[in-house]
Participant: 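Can you keep this structure in mind? I'll have questions shortly.
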Amino acid sequence: MLSQFDYVKPLVLNEALAALAKEDNSYVLAGGTDLMIMLRHNAINARHIIDIKGIPELNELRFIENEGLTIGANVVVNALVDSELVKNKYKALHDAASCLASFQLRNRATLVGNICNASPGADLPPALLVYDAVVKIASVDGVREVPLVEFFTGVKKTVLTKNELVLSVFLPDPGDNDASCYLRQTRLKGHDLSTVGVACRLDGKGKVAVAIGAVAPTPLRLKALETAINEKGLSGETILWAADAINEHIKPISDVRSSEAYRRHMASVLLKRCLVTLTGKEV
Amino acid sequence: MTVAELKNDGKACAMDTAHISSARELRVVIDLVVNGERVIEEIEPNMLLLHFLRDRLKLFGAKEACGEGECGACTVLMNGYAVTSCLVLAVEANGAEILTVEGLSKGNELSILQQEFVFQDALQCGFCTPGMLMSARGLLDNNPNPTDEEIHEAMAGNLCRCTGYLQIFNAVKRAAEREREEREE
């Protein structure tokens, strides 16, 4: 039995924002796959639930050429898995979405919920980070945009204030000749958070982007490592160097899923695999 | 310039557009269809769909095991898509069509999918079976011609402690074939 709360399902955004601003202990419900578990464990004291699935503008899933892809707060993960466009343009995101939780959960879980939950081991953030994703946030005071790389502030913590709601995530159009992938290590095939998850992107100009999950309190975009890789040039030798150097940029811990040493080892292995996949180089 | 509107309308989440009320409510009336029959009930908003089905409607097929969406024993179809009913509030199912394992057979005649679970020995203790059947039903309704990999993926959220996975896979695969044959007749 869950603790008692009231429930409201607004049909317009302003009504949702007003409800969120009005009372403390208000929580936003979209897919609910994380929220229900927190309610069940009494990890949060929710008195008011605001269901945003009645707000049509949050259903937006739209790609505009030369601009980019907008993923609204109600877009479920399987909608991304089913999208040929996401598969062709944002391969790392498609890879990450395809391995998130289980099929039933992906029918319900939303991408925006996955970032708002801010688990260090979440699968989608690394893939979003290599595409320079921007988070669009609204409250009764207006709308602001925050780059995803600044969105996470700690384990299960984000820049969101109590009266704010994420409207959508925006990914710029990567253009042609862009390639990316996401690889993860888990304890078992299927339903598990990643032990380590690495996303890599090779853009049309040949520049590499690297992001990694489950090796620090937040998902990380490894800009310093990218710069070093790009300066050295993407040879087989550089890939081997980078696989070694990644360990200077991460701060993994030992926990139920893995030891620190294994996380470090797998970060190295997965980065190497990603870069070999994207470049076709032999190492 | 290409503007692509991508599909997000068929999924269980985005389909929940039926309106309840703008007022904060501690009791709500939900109006939904369960196994083809219309149900109107007053509930508290903190009631889970799983508990609504079991405790209120006395449909005991969906099981509560982990209660956290890990095991799939509570899987039902919501607007045609498999969801874990332990992670859905009953109030979210307002306006939805719910199908549980009780809705699969026609009277005493088992559906093809259920028959194949019997023929392939795809159950032992039976506790996971309703969830397995509903995940399989959701798959075959949306993808009548699944590849082996697609069957594995759709069933990966359902755990079986008696370790009958191979038989379960075979049952789903054979059911897909038989349903195809039946459609072609």
Side-chain angles (χ1 to χ4, degrees), chain A residues 1-11 15 19 23 29-37 39-41 46 48-49 51 53-54 56 58-67 69 72 74-76 78-80 82-86 98 101-110 189-191, chain B residues 1-28 44-48 51 67-72 74-76 78 81-89 91-92 94 131 134-135 138-139 142 152-159:
Chain A
M1 187 73 177
L2 305 179
S3 62
Q4 198 176 52
F5 49 76
D6 62 35
Y7 171 92
V8 58
K9 187 174 184 182
L11 293 180
E15 208 180 309
E23 311 254 19
L29 168 64
T33 50
D34 286 314
L35 184 66
M36 288 309 139
I37 293 170
L39 288 171
R40 188 183 178 92
H41 289 226
H48 316 284
I49 296 290
D51 187 345
K53 289 190 288 295
L58 302 183
N59 293 339
E60 184 180 25
L61 179 58
R62 180 187 303 180
F63 176 76
I64 302 178
E65 202 176 342
N66 298 325
E67 290 188 23
L69 177 67
N74 286 339
V75 174
V76 299
N78 262 347
L80 303 173
D82 288 350
S83 164
E84 282 298 310
L85 189 139
V86 172
S98 304
S102 66
F103 192 81
Q104 294 100 309
L105 263 71
R106 293 198 294 269
N107 275 338
R108 200 80 191 150
T110 63
K189 191 182 179 301
H191 196 162
Chain B
M1 191 172 73
T2 322
V3 178
E5 297 284 350
L6 308 179
K7 191 185 74 163
N8 185 41
D9 53 1
K11 295 289 179 267
C13 185
M15 291 282 283
D16 302 346
T17 47
H19 195 39
I20 292 248
S21 160
S22 315
R24 294 174 186 279
E25 304 281 2
L26 278 170
R27 306 222 22 113
V28 290
E44 293 180 356
N46 64 351
M47 183 175 233
L48 294 169
H51 297 154
E68 300 185 0
E70 301 274 350
C71 73
C74 66
T75 302
V76 301
M78 183 169 179
Y81 289 93
V83 301
T84 47
S85 61
C86 72
L87 295 183
V88 179
L89 293 174
V91 64
E92 292 181 89
N94 183 45
M134 298 321 290
S135 280
L139 169 71
N142 292 297
H152 285 139
E153 197 54 45
M155 306 302 292
N158 293 74
L159 303 184

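Numbered from 1 within each chain, the chains take letters A, B, ... in sequence-line order.
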Participant: Any idea which heavy atoms bring B:Cys86 and B:Glu68 closest together, and the distance?
Facilitator: SG-N, 3.7 Å

Participant: Would you mind reporting whether A:Leu80 and A:Arg106 have side-chain heavy atoms less than 4.5 Å apart?
Facilitator: no

Participant: Given that the side chain runs from C-beta out, which part of B:Thr75 has a heavy atom under 4.5 Å from chain A: side chain, backbone, both or neither?
Facilitator: side chain

Participant: Show the nearest heavy-atom pair for residues A:Ser3 and A:Ala46, with the distance to one decimal.
Facilitator: OG-O, 4.2 Å

Participant: Give, as side chain, backbone, both or neither, the part of B:Leu48 having an atom under 4.5 angstrom from any heavy atom of chain A.
Facilitator: side chain

Participant: Against chain A, work out which of B:Glu70, B:Glu44, B:Met155 has the most heavy-atom pairs shorter than 4.5 Å and name it.
Facilitator: B:Glu70

Participant: Would you mind checking which part of A:Leu35 comes under 4.5 Å of any heavy atom in chain B, side chain (CB onward), backbone (N, CA, C, O), both or neither?
Facilitator: neither

Participant: Select, from A:Glu84, A:His41, A:Arg40, the one with the greatest count of heavy-atom pairs under 4.5 Å involving chain B.
Facilitator: A:Arg40

Participant: Is there a donor-acceptor pair under 3.5 Å between the side chain of B:Asn46 and the backbone N or O of A:Phe5?
Facilitator: no

Participant: Please give me the minimum heavy-atom distance between B:Pro45 and A:Tyr7, naming the atom from each residue.
Facilitator: CB-CB, 3.5 Å

